Each structure stands twice: as structure tokens, then as C-alpha cells.
Amino acid sequence: MDENVTEKEKGEPSETERNVSGGGSGTRKSGDTKIGLTLRILVSVYVLYLAYGLIQGFGEAAGNDRIFIAIAIVVFVAAGGAILILSAKKLIRKEYVDADGETAEDEEQ
């Protein structure tokens, strides 16, 4: 009965999962890149800009719409602020992988 058990049922990664996760040879190191962190910062600034636009239009909203707009403002500010802070912190501390696959910390040593 155990002979018919697939790799997925055993909990072992398949060959393609091993290659994607970095277990095989010749695969790229996973991690944040400088460009990726910069794009995250730009997207988070845009999300915060959208929240600012919602705040400006908040006074014109009627009744039940105000509740949904208030919830959207809180979500946008929290998500945009968190992404901005975490990405900026990684970028400042140079906790990213360069194009050649080395971390910025490895280059300094």
C-alpha cells in the first residue's frame, strides 16, 4: 500500500520544487534585490497617496460609505506604511542580494 504513495503525500518536495527552492545546482539565490526593494518603496508611496486622496474625499461621503472609506484609509495607511518602513530598513541596512548573487554584506567583508 505504501508503494502507491506519491512524493506529495510523503511530504517530500518533487524534483521541480527542489530546483525552484534553491536545492539544486545552478539555481538563483532567493532574496530581495535592490531594484525589488526600490519598487516596493514606490508602490507603498503610491498606496499612501491613495489613502491621502481618500482622506480628502472623506467629508463628501454619505452615511454608510464613510464606514467603508474609513476602513480603507486605515488599511491603506497600515499596509503602505509597513511596506515602506520594512523595505526602506532593508535598503538602508543593505540586506539585499545584488545582481551577481552576493549579498551586500558579503561584498563589504
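Numbering of residues begins at 1 and proceeds along the displayed sequence. Because the structure is predicted, anything quoted here is derived from the model rather than measured.
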**OP:** Applying side-chain contact (heavy atoms from CB on, under 4.5 Å), run through L48 and L84 and close with a yes or a no.
**Re:** CA-CA 9 Å; L48 291 172; L84 178 68; 4.0 Å; yes
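- When all heavy atoms of G80 and S44 are compared, the closest pair comes out as O-CB, 3.3 Å.
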Please table the atom pairs, donor to acceptor, closer than 3.5 Å between any side-chain atom in residues 52-77 and protein atoms at least two apart or in another chain.
residue	atom	partner	partner atom	Å
Y52	OH	Q56	NE2	2.9

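- Separation of atoms CG (L37) and NZ (K90) is listed at 6.5 Å; rounding is to 0.5 Å.
- At least one side-chain heavy atom of I41 sits under 4.5 Å from a side-chain heavy atom of L91.
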